[in-house]
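Each remark here refers to the structure printed beneath this line.
Since we're looking at a predicted model, the values are computed, not measured. In what follows, chains are A, B, ... by sequence order, proteins preceding strands, each numbered from 1. The basis for the numbers below is simple: all heavy atoms, side chains too, and nothing from hydrogens, waters or symmetry mates.
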Amino acid sequence: MNKFRTHNCSELTEKDIGKNIRLSGWIHRKRDHGNLLFLDIRDHFGITQCVIENKDKNFKILEKLKPESVILVAGDVVKRSKDTENKELKTGLIEVAIKNIEILSEASELPMPVFGEQEYPEDIRLKYRFIDLRRKEMHENIQLRSKILSFIRKKMLENNFLEFQTPILTASSPEGARDFLVPSRLHPGKFYALPQAPQQFKQMVMISGFDRYFQIAPCFRDEDGRADRSPGEHYQLDMEMAFVEQDDVFKVVEPIFYDLFIKFGKGKKVNKHPFPRITYKESLEKYGTDKPDLRNPIELVDVTKIFESDDVKLKIFKEIIRKKGIAKAIPVKNTSSKPRSFFDNLNNWAIAEGASGMAYITFEKSKNKIIGKGPISKFFSEKAILELIKTCKISEQDSIFFVCNEATEAIKFSGIARQKIGEELKLIDNTNFSFCWIIDYPMYQYDEKEKKIDFSHNPFSMPQINIKDFDKSDPLKILAYQYDLVCNGYELSSGAIRNHIPEYLFKVFNKVGYSKSMVEKNFSGMIKALSYGAPPHGGMAPGIDRIVMLLADKKNIREVTLFPMNQNAEDLLMEAPSEVTEKQLKELNIKIIKK
RNA sequence: GGGGGUGUAGCUCAGUUGGUUAGAGCGAUCGCCUGUCACGCGAUAGGUCGAGGGUUCGAGUCCCUUCACUCCCGCCA
């Protein structure tokens, strides 16, 4: 028999009345009546109320013992009288009359209580993560994460994916995020890098003749954190398939995500697959972002032409448009009766966001004519008003916000404003998971800072044009078989059909200024591998942390991570990063340059 | 690297136009209490008001600098 317990803390019921049992767990809560003491004993499974009277030799000891101390309780299961039952508790019909105890581990005074749902500062939670994780909500989030991982594994295996592990110490590569470097003792002056993702390895796996691969892979990127992005490290469901086109990947992934979100989504609806496919271009036009929240019904409309025409006399906009700017309309249904403050507040919000403000127009029907209202309405002719209403597909019940700026800025800000207005008007239905694919990403983009063409996404993606036509095409017009999976405004995954033809890879890299020899040098393993018979292949890598975050209905990734780092990429519990000894440095041939 | 927010007891927070000795709840300690389940009641301890500087007769409160945390921008193929 187990030394510590005969039952766990959620097991005992009326069936066990009269049994002599042992429980072990944390003192969750004490209620001290002076001559009678109630102890809620908690373990991973639940809570059981234990009771002891002052006649008992252990009474004084238990009375003094601090919450969160771990004890072993031996005693009898007794029925609670009707009026003292606790229906909230699974074990609430019984209690344990304490006969004997053993203190297994005594707790000091707590920096934060486990009991209750109070919020606590995050640095304290991270420093004492082991206490934070005892709290109900965190404990459940982490269990959810475990269940999600198991489910994903099961689904992947059912779909004939094999789970492999790939190296953690690998080579630094020039593109992408900043690498974490690990000095090599055996090779002074040389470094390993932690993988930003197992990208090259998974392609090698395909080239090695395995048909489908997956891994719940740690990815290391030395970049700054966000609420939905851990600094330092995160996990991806890395997957790759041989002999597939884009649609084959979608067909495998869609049911897995649908089932996953139905199973763990706490009753929320999930849109049926196939998920909508939205081109990158269309997504920017309609939603102002490549990760649209489709629960928000607002769609942006380009109204540059209307502001350009002589029917609108708004000089500021005309001037911006003359300098190649664009005007975006944000049509919002049923808002014409909103008070002035609604529009003013959004205008103030826009200014606080760094925009010059947000113009708006409302409408009114007067003698069968629709006329514009609001500060800028006087600049519109009757014809322009009608044209606006027609272009934006709205009625006089609705209103329109305008964003006018240089194209990239205008798109970006109208997207942010779309989301803000949607939230403000509570248009976003939080009982939905709304998935879509964003497809047809451009292969390249123009880097304004560096004044040169650069990759817009993954350089290993396959361009959508034939290799023969590549050189004569405008690089900025070339699309790639590159796609993102988006849910509720979060980018859950990137993926691509890979470029498995070395000659084509050289061409692709050449456009951003990489010579053949540079590519051969930087991606030697990859080029070598592709030169001895490589299957066409593709895949993707959904972010595990974000999936769990969505399913746990949290806005912060640290709520679903066991031991996360803070925003400064510090582990407050383990105190990483830390200084190391001179001896360690010497062995690694490293000298610290003090700033 | 840049911008916003926050910082008062172990924790959550209040603190008026600058004005006496900075408060409450939870927690802690001590005492009382035999049916609670957020037990109750009483008392006690606990503060460099994040730090430094300035303005002022007087600063938790105003100004400057700085630090920590957080959110965002940059960055994250």
**Request:** Tell me whether the OP1 or OP2 atom of B:U29 has a side-chain N or O from A:Lys66 closer than 4.0 Å.
**Result:** yes

**Message:** Looking at A:Arg29, I'd like to know whether one of its side-chain N or O atoms comes within less than 4.0 Å of OP1 or OP2 on B:U36.
**Reply:** no

Return the value, rounded to whole Å, for the distance between atom [atom1] of [X] and atom [atom2] of [N].
X: A:Glu63; N: B:U36; atom1: CD; atom2: P; answer: 18 Å
X: A:Asn499; N: B:A77; atom1: CG; atom2: C1'; answer: 14 Å
X: A:Leu36; N: B:C33; atom1: CG; atom2: C1'; answer: 10 Å
X: A:Asp40; N: B:C39; atom1: CG; atom2: P; answer: 8 Å
X: A:Phe115; N: B:G27; atom1: CZ; atom2: P; answer: 9 Å
X: A:Asp32; N: B:C30; atom1: CG; atom2: P; answer: 11 Å
X: A:Glu223; N: B:C76; atom1: CD; atom2: P; answer: 6 Å
X: A:Asp222; N: B:C75; atom1: CG; atom2: C1'; answer: 11 Å

**Item:** Pairs involving residues 216-225 of chain A, ordered by first then second residue, that meet side chain to side chain donor-acceptor pair (under 3.5 Å) (sequence neighbours left out)
**Value:** A:Arg178-A:Glu223

In a table with atom names and distances, give each donor-acceptor pair under 3.5 Å that connects a side chain of residues 520-527 of chain A to protein atoms at least two apart or in another chain.
| from | atom 1 | to | atom 2 | distance (Å) |
| --- | --- | --- | --- | --- |
| A:Asn522 | ND2 | A:Met518 | O | 3.2 |

Taking atom [atom1] in both [N] and [M], compute the distance separating them and give it to the nearest angstrom.
N: B:A9; M: B:G46; atom1: P; answer: 15 Å
N: B:G19; M: B:G1; atom1: P; answer: 39 Å
N: B:G18; M: B:G54; atom1: C1'; answer: 15 Å
N: B:G3; M: B:G40; atom1: P; answer: 48 Å
N: B:U17; M: B:G74; atom1: C1'; answer: 42 Å
N: B:G5; M: B:C11; atom1: P; answer: 24 Å
N: B:G60; M: B:C37; atom1: C1'; answer: 40 Å
N: B:C49; M: B:C73; atom1: P; answer: 36 Å

**Stacked cation flag A:Arg125 on A:Tyr120, 6.0 angstrom / 45 deg** = no

**Request:** Kindly assign one of parallel, tilted or perpendicular to the pair A:Phe470 and A:Tyr444, based on the angle between their ring planes and the thresholds 30° and 60°.
**Result:** tilted

**Prompt:** Is the NZ atom of A:Lys281 crowded by more than 12 outside heavy atoms at less than 6.0 Å?
**Reply:** no

**Asked** Which letters describe nucleotides 5-12 of chain B, given B = protein heavy atom under 4.0 Å from base, S = only from sugar-phosphate, - = neither?
**Response** -----SSS

**Message:** So if I define the base as every atom that isn't primed, P, OP1 or OP2, how would nucleotides 69-74 of chain B read as a B/S/- string at a heavy-atom cutoff under 4.0 Å?
**Reply:** SBBSBB

Under the side chain to side chain donor-acceptor pair (under 3.5 Å) test, residues paired with [X] that sit two or more places apart:
X: A:His139; value: A:His44
X: A:Thr408; value: A:Glu406
X: A:Asn566; value: A:Glu570

Side chains of [X] and [Y]: is there a donor and an acceptor less than 3.5 Å apart?
X: A:Gln482; Y: A:Ser461; answer: yes
X: A:Tyr481; Y: A:Asn499; answer: no
X: A:Thr166; Y: A:Gln215; answer: yes

Acceptor/donor pairs from residues 505-512 of chain A side chains to any protein atom, 3.5 angstrom cut, sequence neighbours excluded:
| from | atom 1 | to | atom 2 | distance (Å) |
| --- | --- | --- | --- | --- |
| A:Lys507 | NZ | A:Asp471 | OD2 | 2.6 |

**Request:** Flag as yes if A:His33 stacks onto the base of B:C33 (centroids under 5.5 Å, planes under 30°), otherwise no.
**Result:** no

**Message:** Test your reading of the model: is there a side-chain donor-acceptor pair from A:Asn347 to the backbone of A:Ala350, 3.5 Å cut-off?
**Reply:** no

**Item:** Short side-chain to backbone donor-acceptor contact, A:Glu11 and A:Asn8, under 3.5 Å
**Value:** yes

**Fill in**
Under the rule of Watson-Crick or G-U wobble with both distances under 3.5 Å, where | means paired to another strand and [ ] a crossing pair, RNA chain B maps to (((((((..((((.....[...)))).(((((.......))))).....(((((..]....))))))))))))....

**Message:** As a test of reading the structure: which of B:U29, B:C75, B:C37 is closest to the side chain of A:Arg31, going by heavy atoms?
**Reply:** B:C37

**Prompt:** Per the side chain to side chain contact (heavy atoms under 4.5 Å, CB included) rule, which among A:Gln199, A:Met204, A:Met206, A:Gln200 passes with A:Lys202?
**Reply:** A:Gln199

**Message:** My understanding is that only residues two or more places apart in sequence, or in another chain, count here; which of them pass ring-ring contact (aromatic ring centres under 6.0 Å, His included) with A:Trp349?
**Reply:** A:Phe413

**Prompt:** Taking RNA chain B as the partner, which of residues 514-530 of chain A come within under 4.0 angstrom of it by heavy atom?
**Reply:** none

**Request:** Please list, by residue number, the residues of residues 69-99 of chain A whose heavy atoms come closer than 4.0 Å to an atom of RNA chain B; answer none if no residue qualifies.
**Result:** A:Arg80, A:Thr84, A:Glu85, A:Asn86, A:Glu95

**Request:** Would you mind classifying the nucleic acid contact of A:Phe460 as base, sugar-phosphate or nothing, using non-hydrogen atoms under 4.0 angstrom?
**Result:** nothing

**Prompt:** Would A:His234 and A:Phe220 count as a close aromatic pair, with their ring centres under 6.0 Å?
**Reply:** no

**Message:** I'd like to know if A:Glu109 pairs up with A:Lys66 as an ion pair, taking the criterion as any Lys NZ or Arg NE/NH1/NH2 lying under 4.0 Å from an Asp or Glu carboxylate oxygen.
**Reply:** no

**Prompt:** For A:Lys291 and A:Pro67, take the nucleotide of RNA chain B holding the closest heavy atom to each; which residue's nucleotide lies nearer the 5' end?
**Reply:** A:Pro67

